[in-house]
2 protein chains.
Amino acid sequence: MSHVGYPCLMALDRDHVLRSAAALLTRKSTATMDEVAKAAGISRATLHRHFAGRDALVRALEALGIAECEAALERARPEEGSTAEAVRRLVREIQPAAGLLAFLYGESQLWEGDRQNDGWQRLDTRIGALFQRGQQSGEFRIDLTPVWLTEALYGLIASCAWATLDGRVASRDFPTMVAELLLGGALRREES
Amino acid sequence: MSHVGYPCLMALDRDHVLRSAAALLTRKSTATMDEVAKAAGISRATLHRHFAGRDALVRALEALGIAECEAALERARPEEGSTAEAVRRLVREIQPAAGLLAFLYGESQLWEGDRQNDGWQRLDTRIGALFQRGQQSGEFRIDLTPVWLTEALYGLIASCAWATLDGRVASRDFPTMVAELLLGGALRREES
DNA sequence: CTACGATGAGACAAAGATGTCTCACGTGGG
DNA sequence: CCCACGTGAGACATCTTTGTCTCATCGTAG
(Lines give C-alpha, C1' and ligand atoms only; values in the text may rest on other atoms or scores of the structure.)
Protein backbone atom coordinates (compact mmCIF):
# COMPACT_ATOMS: atom_id res chain seq x y z
CA MET A 1 0.00 0.00 0.00
CA SER A 2 2.88 2.40 -0.67
CA HIS A 3 1.44 4.15 -3.70
CA VAL A 4 2.74 7.46 -2.48
CA GLY A 5 5.35 8.89 -4.82
CA TYR A 6 5.25 8.90 -8.61
CA PRO A 7 6.76 5.85 -10.23
CA CYS A 8 10.16 6.34 -11.74
CA LEU A 9 9.46 5.48 -15.39
CA MET A 10 6.02 6.94 -15.78
CA ALA A 11 7.31 10.49 -16.06
CA LEU A 12 9.26 9.56 -19.15
CA ASP A 13 6.43 7.58 -20.68
CA ARG A 14 3.94 10.30 -20.02
CA ASP A 15 5.52 12.63 -22.49
CA HIS A 16 5.66 9.91 -25.09
CA VAL A 17 2.01 9.10 -24.55
CA LEU A 18 1.15 12.77 -24.83
CA ARG A 19 3.00 13.09 -28.13
CA SER A 20 1.36 9.99 -29.54
CA ALA A 21 -2.04 11.20 -28.48
CA ALA A 22 -1.39 14.57 -30.09
CA ALA A 23 -0.34 12.94 -33.33
CA LEU A 24 -3.38 10.67 -33.40
CA LEU A 25 -5.96 13.23 -32.33
CA THR A 26 -4.60 15.64 -34.91
CA ARG A 27 -5.63 13.18 -37.57
CA LYS A 28 -8.75 11.81 -35.88
CA SER A 29 -10.09 14.13 -33.23
CA THR A 30 -12.82 11.66 -32.23
CA ALA A 31 -10.40 8.85 -31.46
CA THR A 32 -11.35 6.63 -28.53
CA MET A 33 -9.29 6.27 -25.39
CA ASP A 34 -8.65 2.74 -26.61
CA GLU A 35 -7.31 4.03 -29.91
CA VAL A 36 -5.15 6.59 -28.13
CA ALA A 37 -3.75 3.85 -25.95
CA LYS A 38 -3.02 1.58 -28.90
CA ALA A 39 -1.38 4.46 -30.77
CA ALA A 40 0.92 4.97 -27.80
CA GLY A 41 1.64 1.26 -27.62
CA ILE A 42 0.16 0.85 -24.18
CA SER A 43 -3.02 -0.60 -22.77
CA ARG A 44 -6.09 1.39 -21.87
CA ALA A 45 -5.48 0.64 -18.19
CA THR A 46 -2.03 2.18 -18.32
CA LEU A 47 -3.38 5.18 -20.22
CA HIS A 48 -5.83 5.71 -17.39
CA ARG A 49 -2.97 5.49 -14.92
CA HIS A 50 -1.36 8.43 -16.69
CA PHE A 51 -4.49 10.51 -17.28
CA ALA A 52 -7.55 10.19 -15.10
CA GLY A 53 -9.88 10.41 -18.09
CA ARG A 54 -10.38 11.78 -21.51
CA ASP A 55 -10.93 15.23 -20.16
CA ALA A 56 -7.66 15.13 -18.28
CA LEU A 57 -5.91 13.98 -21.43
CA VAL A 58 -7.31 16.84 -23.47
CA ARG A 59 -6.40 19.30 -20.73
CA ALA A 60 -2.87 17.92 -20.69
CA LEU A 61 -2.68 18.33 -24.45
CA GLU A 62 -3.94 21.87 -24.04
CA ALA A 63 -1.19 22.58 -21.53
CA LEU A 64 1.34 21.02 -23.89
CA GLY A 65 0.12 23.14 -26.78
CA ILE A 66 0.31 26.29 -24.70
CA ALA A 67 3.78 25.40 -23.50
CA GLU A 68 4.98 24.73 -27.04
CA CYS A 69 3.52 28.01 -28.23
CA GLU A 70 5.19 29.89 -25.43
CA ALA A 71 8.48 28.15 -26.15
CA ALA A 72 8.13 29.02 -29.82
CA LEU A 73 7.40 32.59 -28.84
CA GLU A 74 10.56 32.67 -26.74
CA ARG A 75 12.68 31.32 -29.56
CA ALA A 76 11.15 33.73 -32.03
CA ARG A 77 12.30 36.75 -29.98
CA PRO A 78 9.25 38.85 -30.95
CA GLU A 79 10.82 42.06 -29.67
CA GLU A 80 13.85 41.93 -31.91
CA GLY A 81 14.28 43.29 -35.40
CA SER A 82 11.51 44.09 -37.83
CA THR A 83 8.06 42.94 -36.85
CA ALA A 84 7.61 41.13 -40.13
CA GLU A 85 10.73 39.09 -39.52
CA ALA A 86 9.55 38.38 -36.00
CA VAL A 87 6.27 37.03 -37.39
CA ARG A 88 8.18 34.87 -39.84
CA ARG A 89 10.32 33.50 -37.04
CA LEU A 90 7.26 32.83 -34.93
CA VAL A 91 5.51 30.89 -37.66
CA ARG A 92 8.64 28.89 -38.34
CA GLU A 93 9.12 28.04 -34.69
CA ILE A 94 5.48 27.16 -34.18
CA GLN A 95 5.20 24.79 -37.13
CA PRO A 96 6.10 21.63 -35.18
CA ALA A 97 3.15 22.32 -32.91
CA ALA A 98 0.77 23.24 -35.73
CA GLY A 99 -1.00 19.90 -35.77
CA LEU A 100 -1.60 19.98 -32.05
CA LEU A 101 -2.77 23.56 -32.31
CA ALA A 102 -5.20 22.65 -35.05
CA PHE A 103 -6.65 19.90 -32.88
CA LEU A 104 -7.02 22.18 -29.89
CA TYR A 105 -8.47 24.89 -32.08
CA GLY A 106 -11.32 22.59 -33.06
CA GLU A 107 -11.87 21.20 -29.57
CA SER A 108 -14.90 23.22 -28.58
CA GLN A 109 -14.82 21.60 -25.17
CA LEU A 110 -11.96 23.95 -24.26
CA TRP A 111 -13.79 27.13 -25.19
CA GLU A 112 -17.35 26.57 -24.12
CA GLY A 113 -16.72 26.25 -20.40
CA ASP A 114 -16.45 29.36 -18.31
CA ARG A 115 -13.16 28.18 -16.85
CA GLN A 116 -10.63 28.16 -19.63
CA ASN A 117 -6.89 27.99 -19.38
CA ASP A 118 -5.25 31.34 -18.70
CA GLY A 119 -2.40 30.33 -20.97
CA TRP A 120 -4.37 31.24 -24.05
CA GLN A 121 -4.96 34.74 -22.85
CA ARG A 122 -1.27 35.09 -22.01
CA LEU A 123 -0.44 33.97 -25.53
CA ASP A 124 -3.06 36.25 -27.06
CA THR A 125 -1.61 39.16 -25.16
CA ARG A 126 1.94 38.50 -26.22
CA ILE A 127 1.10 37.85 -29.86
CA GLY A 128 -1.25 40.80 -29.91
CA ALA A 129 1.58 42.94 -28.55
CA LEU A 130 3.73 41.80 -31.44
CA PHE A 131 1.18 42.99 -33.95
CA GLN A 132 0.70 46.18 -32.01
CA ARG A 133 4.41 46.83 -32.17
CA GLY A 134 4.21 46.45 -35.93
CA GLN A 135 1.42 48.96 -36.07
CA GLN A 136 3.16 51.48 -33.86
CA SER A 137 6.34 51.25 -35.86
CA GLY A 138 4.36 51.98 -38.99
CA GLU A 139 5.23 48.60 -40.43
CA PHE A 140 1.71 47.15 -40.19
CA ARG A 141 -1.54 48.67 -41.28
CA ILE A 142 -3.78 49.91 -38.52
CA ASP A 143 -7.20 49.06 -39.93
CA LEU A 144 -6.87 45.41 -38.87
CA THR A 145 -6.96 45.06 -35.11
CA PRO A 146 -4.24 43.11 -33.27
CA VAL A 147 -6.96 40.88 -31.86
CA TRP A 148 -8.10 39.92 -35.33
CA LEU A 149 -4.55 39.47 -36.58
CA THR A 150 -3.89 37.12 -33.68
CA GLU A 151 -7.05 35.19 -34.41
CA ALA A 152 -6.18 35.06 -38.09
CA LEU A 153 -2.72 33.73 -37.26
CA TYR A 154 -4.25 30.84 -35.33
CA GLY A 155 -6.73 30.22 -38.12
CA LEU A 156 -4.11 30.17 -40.83
CA ILE A 157 -1.88 27.88 -38.80
CA ALA A 158 -4.76 25.45 -38.31
CA SER A 159 -5.83 25.67 -41.95
CA CYS A 160 -2.33 25.05 -43.20
CA ALA A 161 -1.89 22.19 -40.77
CA TRP A 162 -5.01 20.50 -42.15
CA ALA A 163 -3.96 21.23 -45.72
CA THR A 164 -0.56 19.75 -44.99
CA LEU A 165 -2.08 16.59 -43.53
CA ASP A 166 -4.22 16.23 -46.64
CA GLY A 167 -1.24 16.76 -48.90
CA ARG A 168 -2.61 19.94 -50.40
CA VAL A 169 0.31 21.95 -49.05
CA ALA A 170 3.89 20.69 -48.76
CA SER A 171 5.24 20.61 -45.23
CA ARG A 172 8.32 22.60 -46.25
CA ASP A 173 6.11 25.39 -47.60
CA PHE A 174 4.22 25.79 -44.33
CA PRO A 175 6.20 28.75 -42.93
CA THR A 176 6.11 30.64 -46.21
CA MET A 177 2.44 30.05 -46.90
CA VAL A 178 1.26 31.10 -43.47
CA ALA A 179 3.62 34.00 -42.86
CA GLU A 180 3.59 35.50 -46.31
CA LEU A 181 -0.18 35.38 -46.61
CA LEU A 182 -0.62 36.86 -43.18
CA LEU A 183 1.94 39.56 -43.81
CA GLY A 184 1.53 40.41 -47.46
CA GLY A 185 -1.85 39.03 -48.50
CA ALA A 186 -2.76 37.81 -51.94
CA LEU A 187 -2.26 41.09 -53.75
CA ARG A 188 0.93 41.62 -55.64
CA ARG A 189 3.21 44.34 -54.37
CA GLU A 190 4.04 47.09 -56.82
CA GLU A 191 7.40 47.90 -55.27
CA SER A 192 9.65 44.86 -55.53
CA MET B 1 -50.62 2.72 -45.47
CA SER B 2 -50.39 5.54 -47.96
CA HIS B 3 -47.07 6.93 -46.80
CA VAL B 4 -45.93 7.44 -50.36
CA GLY B 5 -45.54 11.10 -51.16
CA TYR B 6 -43.97 13.75 -48.94
CA PRO B 7 -46.40 15.41 -46.57
CA CYS B 8 -47.43 18.91 -47.48
CA LEU B 9 -46.17 20.83 -44.45
CA MET B 10 -43.00 18.96 -43.73
CA ALA B 11 -41.15 20.48 -46.66
CA LEU B 12 -41.64 23.93 -45.19
CA ASP B 13 -40.71 22.87 -41.68
CA ARG B 14 -37.66 21.02 -42.88
CA ASP B 15 -35.91 24.20 -43.91
CA HIS B 16 -36.76 25.86 -40.62
CA VAL B 17 -35.43 22.88 -38.70
CA LEU B 18 -32.28 22.95 -40.76
CA ARG B 19 -31.70 26.63 -40.05
CA SER B 20 -32.29 26.16 -36.34
CA ALA B 21 -29.93 23.24 -36.26
CA ALA B 22 -27.28 25.24 -38.08
CA ALA B 23 -27.62 28.12 -35.64
CA LEU B 24 -27.40 25.83 -32.63
CA LEU B 25 -24.59 23.60 -33.87
CA THR B 26 -22.60 26.67 -34.81
CA ARG B 27 -22.52 27.58 -31.15
CA LYS B 28 -22.39 24.07 -29.69
CA SER B 29 -21.16 21.54 -32.18
CA THR B 30 -21.75 18.66 -29.76
CA ALA B 31 -25.42 19.43 -29.24
CA THR B 32 -27.68 16.43 -28.76
CA MET B 33 -30.45 15.48 -31.13
CA ASP B 34 -32.75 16.39 -28.28
CA GLU B 35 -31.23 19.85 -28.02
CA VAL B 36 -31.47 20.31 -31.75
CA ALA B 37 -35.13 19.36 -31.61
CA LYS B 38 -35.84 21.74 -28.75
CA ALA B 39 -34.00 24.54 -30.53
CA ALA B 40 -36.26 24.00 -33.53
CA GLY B 41 -39.34 23.92 -31.32
CA ILE B 42 -40.24 20.36 -32.22
CA SER B 43 -39.98 17.01 -30.50
CA ARG B 44 -37.21 14.53 -31.04
CA ALA B 45 -39.66 12.18 -32.73
CA THR B 46 -40.54 14.78 -35.33
CA LEU B 47 -36.89 15.60 -35.83
CA HIS B 48 -36.29 11.96 -36.62
CA ARG B 49 -39.15 12.07 -39.08
CA HIS B 50 -37.29 14.79 -40.96
CA PHE B 51 -33.78 13.35 -40.70
CA ALA B 52 -33.18 9.66 -40.26
CA GLY B 53 -30.40 10.29 -37.75
CA ARG B 54 -27.67 12.62 -36.67
CA ASP B 55 -25.56 11.64 -39.62
CA ALA B 56 -28.36 12.49 -42.02
CA LEU B 57 -28.81 15.85 -40.30
CA VAL B 58 -25.14 16.71 -40.62
CA ARG B 59 -25.18 15.64 -44.25
CA ALA B 60 -28.18 17.85 -44.88
CA LEU B 61 -26.38 20.75 -43.22
CA GLU B 62 -23.40 20.02 -45.41
CA ALA B 63 -25.58 20.18 -48.49
CA LEU B 64 -27.10 23.41 -47.24
CA GLY B 65 -23.67 24.91 -46.65
CA ILE B 66 -22.52 23.93 -50.11
CA ALA B 67 -25.66 25.34 -51.65
CA GLU B 68 -25.27 28.62 -49.79
CA CYS B 69 -21.66 28.88 -50.85
CA GLU B 70 -22.56 28.23 -54.46
CA ALA B 71 -25.34 30.78 -54.27
CA ALA B 72 -22.93 33.31 -52.77
CA LEU B 73 -20.49 32.53 -55.53
CA GLU B 74 -23.18 33.18 -58.12
CA ARG B 75 -24.11 36.49 -56.57
CA ALA B 76 -20.48 37.52 -56.28
CA ARG B 77 -19.95 37.20 -60.06
CA PRO B 78 -16.33 36.06 -59.70
CA GLU B 79 -15.58 36.60 -63.37
CA GLU B 80 -16.45 40.27 -63.41
CA GLY B 81 -14.23 43.24 -62.69
CA SER B 82 -11.02 43.17 -60.73
CA THR B 83 -10.23 39.98 -58.91
CA ALA B 84 -9.78 41.82 -55.65
CA GLU B 85 -13.26 43.27 -55.90
CA ALA B 86 -14.61 39.84 -56.76
CA VAL B 87 -13.03 38.44 -53.60
CA ARG B 88 -14.54 41.25 -51.55
CA ARG B 89 -17.97 40.53 -53.06
CA LEU B 90 -17.57 36.84 -52.36
CA VAL B 91 -16.69 37.39 -48.71
CA ARG B 92 -19.58 39.77 -48.28
CA GLU B 93 -22.05 37.38 -49.86
CA ILE B 94 -20.78 34.41 -47.92
CA GLN B 95 -20.95 36.07 -44.51
CA PRO B 96 -24.50 34.90 -43.68
CA ALA B 97 -23.32 31.33 -44.11
CA ALA B 98 -20.07 31.85 -42.20
CA GLY B 99 -21.32 30.27 -38.99
CA LEU B 100 -22.55 27.18 -40.80
CA LEU B 101 -19.29 27.00 -42.70
CA ALA B 102 -17.31 27.21 -39.48
CA PHE B 103 -19.32 24.33 -38.03
CA LEU B 104 -18.84 22.18 -41.12
CA TYR B 105 -15.16 23.10 -41.25
CA GLY B 106 -14.68 21.58 -37.82
CA GLU B 107 -16.84 18.53 -38.45
CA SER B 108 -14.11 16.00 -39.08
CA GLN B 109 -16.77 13.41 -39.79
CA LEU B 110 -17.20 14.95 -43.23
CA TRP B 111 -13.56 14.76 -44.23
CA GLU B 112 -12.34 11.48 -42.80
CA GLY B 113 -14.56 9.21 -44.82
CA ASP B 114 -13.48 8.22 -48.29
CA ARG B 115 -16.82 9.30 -49.71
CA GLN B 116 -17.10 13.04 -49.33
CA ASN B 117 -19.49 15.39 -51.01
CA ASP B 118 -18.45 16.42 -54.50
CA GLY B 119 -19.80 19.89 -53.81
CA TRP B 120 -16.68 20.87 -51.92
CA GLN B 121 -14.47 20.02 -54.84
CA ARG B 122 -16.73 21.98 -57.17
CA LEU B 123 -16.44 24.95 -54.84
CA ASP B 124 -12.69 24.54 -54.48
CA THR B 125 -12.37 24.49 -58.23
CA ARG B 126 -14.41 27.63 -58.76
CA ILE B 127 -12.78 29.59 -55.96
CA GLY B 128 -9.37 28.36 -56.99
CA ALA B 129 -10.14 29.58 -60.51
CA LEU B 130 -10.90 32.99 -59.10
CA PHE B 131 -7.49 33.21 -57.47
CA GLN B 132 -5.86 31.85 -60.61
CA ARG B 133 -7.50 34.58 -62.62
CA GLY B 134 -6.00 37.10 -60.24
CA GLN B 135 -2.59 35.60 -60.72
CA GLN B 136 -2.85 35.50 -64.49
CA SER B 137 -3.98 39.11 -64.65
CA GLY B 138 -0.93 40.09 -62.61
CA GLU B 139 -3.13 41.30 -59.77
CA PHE B 140 -2.19 38.54 -57.33
CA ARG B 141 1.22 37.26 -56.39
CA ILE B 142 2.15 33.87 -57.79
CA ASP B 143 4.15 32.46 -54.89
CA LEU B 144 0.98 31.50 -53.01
CA THR B 145 -0.86 28.70 -54.78
CA PRO B 146 -4.58 29.01 -55.56
CA VAL B 147 -5.16 25.88 -53.52
CA TRP B 148 -3.63 27.47 -50.45
CA LEU B 149 -5.44 30.74 -51.02
CA THR B 150 -8.71 28.84 -51.19
CA GLU B 151 -7.90 26.97 -48.01
CA ALA B 152 -6.88 30.22 -46.32
CA LEU B 153 -10.16 31.81 -47.33
CA TYR B 154 -12.09 29.02 -45.61
CA GLY B 155 -9.86 29.25 -42.58
CA LEU B 156 -10.22 32.99 -42.24
CA ILE B 157 -13.98 32.80 -42.68
CA ALA B 158 -14.19 30.18 -39.93
CA SER B 159 -11.83 32.09 -37.66
CA CYS B 160 -13.73 35.31 -38.08
CA ALA B 161 -17.02 33.53 -37.53
CA TRP B 162 -15.77 32.18 -34.19
CA ALA B 163 -14.30 35.54 -33.25
CA THR B 164 -17.61 37.17 -34.09
CA LEU B 165 -19.54 34.71 -31.93
CA ASP B 166 -17.16 35.44 -29.05
CA GLY B 167 -17.55 39.15 -29.54
CA ARG B 168 -13.91 39.67 -30.41
CA VAL B 169 -14.83 40.95 -33.86
CA ALA B 170 -17.88 43.02 -34.70
CA SER B 171 -20.27 41.42 -37.14
CA ARG B 172 -20.23 44.48 -39.37
CA ASP B 173 -16.45 44.28 -39.68
CA PHE B 174 -16.51 40.68 -40.90
CA PRO B 175 -16.24 41.39 -44.63
CA THR B 176 -13.46 43.92 -44.19
CA MET B 177 -11.42 41.83 -41.77
CA VAL B 178 -11.54 38.69 -43.84
CA ALA B 179 -11.19 40.19 -47.30
CA GLU B 180 -8.62 42.84 -46.49
CA LEU B 181 -6.38 40.47 -44.59
CA LEU B 182 -6.62 37.87 -47.32
CA LEU B 183 -5.95 40.42 -50.04
CA GLY B 184 -3.54 42.86 -48.48
CA GLY B 185 -2.08 41.12 -45.45
CA ALA B 186 -0.87 42.81 -42.33
CA LEU B 187 1.90 44.85 -43.92
CA ARG B 188 1.26 48.44 -44.71
CA ARG B 189 1.32 49.40 -48.33
CA GLU B 190 3.82 52.01 -49.34
CA GLU B 191 1.78 53.35 -52.24
CA SER B 192 -1.46 54.71 -50.87
C1' DC C 1 16.07 -16.25 -5.86
C1' DT C 2 12.50 -13.20 -4.24
C1' DA C 3 9.54 -9.50 -3.89
C1' DC C 4 7.79 -5.38 -5.60
C1' DG C 5 5.92 -2.54 -8.96
C1' DA C 6 4.34 -1.65 -13.55
C1' DT C 7 1.86 -3.52 -17.13
C1' DG C 8 -1.68 -5.93 -20.25
C1' DA C 9 -5.86 -8.24 -20.74
C1' DG C 10 -10.27 -8.43 -19.75
C1' DA C 11 -14.62 -8.18 -17.04
C1' DC C 12 -17.99 -5.08 -15.28
C1' DA C 13 -21.25 -1.39 -14.41
C1' DA C 14 -22.59 3.33 -15.37
C1' DA C 15 -23.70 7.01 -18.32
C1' DG C 16 -25.06 9.14 -22.40
C1' DA C 17 -26.85 9.28 -27.05
C1' DT C 18 -29.29 7.18 -30.39
C1' DG C 19 -32.94 4.78 -32.91
C1' DT C 20 -37.46 2.71 -32.64
C1' DC C 21 -41.79 2.08 -30.97
C1' DT C 22 -46.45 3.04 -29.04
C1' DC C 23 -50.11 5.92 -27.76
C1' DA C 24 -52.89 9.95 -27.02
C1' DC C 25 -54.06 14.50 -28.72
C1' DG C 26 -55.56 17.98 -31.87
C1' DT C 27 -56.62 19.86 -36.12
C1' DG C 28 -58.34 20.15 -40.63
C1' DG C 29 -60.71 18.22 -44.56
C1' DG C 30 -64.26 15.24 -46.40
C1' DC D 1 -69.52 14.31 -37.57
C1' DC D 2 -65.56 11.50 -38.20
C1' DC D 3 -61.42 10.15 -39.79
C1' DA D 4 -56.74 10.65 -41.29
C1' DC D 5 -52.47 12.66 -40.50
C1' DG D 6 -48.95 15.11 -38.19
C1' DT D 7 -47.29 15.74 -33.76
C1' DG D 8 -45.56 15.42 -28.75
C1' DA D 9 -44.46 12.71 -24.97
C1' DG D 10 -42.44 9.08 -23.31
C1' DA D 11 -40.97 4.21 -22.78
C1' DC D 12 -37.66 1.02 -24.36
C1' DA D 13 -33.63 -1.52 -26.07
C1' DT D 14 -29.21 -0.84 -28.03
C1' DC D 15 -24.74 0.82 -28.74
C1' DT D 16 -20.63 3.17 -27.64
C1' DT D 17 -17.56 5.09 -24.59
C1' DT D 18 -15.99 5.57 -20.34
C1' DG D 19 -14.25 4.66 -15.66
C1' DT D 20 -13.07 1.09 -12.36
C1' DC D 21 -11.81 -3.16 -10.97
C1' DT D 22 -9.27 -7.71 -10.66
C1' DC D 23 -5.78 -10.86 -11.85
C1' DA D 24 -1.89 -12.92 -14.16
C1' DT D 25 2.56 -11.83 -16.05
C1' DC D 26 7.10 -9.99 -16.49
C1' DG D 27 11.20 -7.37 -15.55
C1' DT D 28 14.23 -5.84 -12.28
C1' DA D 29 16.34 -4.28 -8.01
C1' DG D 30 17.79 -6.05 -3.79
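For the numbers below, each heavy atom of this structure counts, side chains included, while hydrogens, waters and symmetry mates do not. Lettering follows sequence order; numbering is per chain, from 1.
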Flag the pair B:Arg89 and B:Glu80 as a salt bridge only when some basic side-chain nitrogen lies within less than 4.0 angstrom of an acidic carboxylate oxygen.
no
Report the distance from atom CG of A:Leu47 to atom P of D:dT20, rounded to the nearest whole Å.
12 Å
Taking the side chain as every heavy atom from C-beta outward, state whether A:Trp120 and A:Leu104 have any pair of such atoms under 4.5 Å apart.
yes
B:Glu35 and B:Arg27 ion-paired at < 4.0 Å:
no
Protein-proximity profile, nucleotides 9-28 of chain C, B/S/- by nucleotide at the 4.0 Å heavy-atom cutoff, equals B-B-----SBBB--------
Candidates A:Arg75, A:Arg122, A:Arg126 - the one meeting side chain to side chain donor-acceptor pair (under 3.5 Å) with A:Glu70
A:Arg122
May I ask you to check whether A:Trp162 and B:Trp111 place their ring centres under 6.0 Å from each other?
no
Starting at NZ of B:Lys38 and ending at P of D:dG8, how long is that distance when rounded to a whole Å?
11 Å
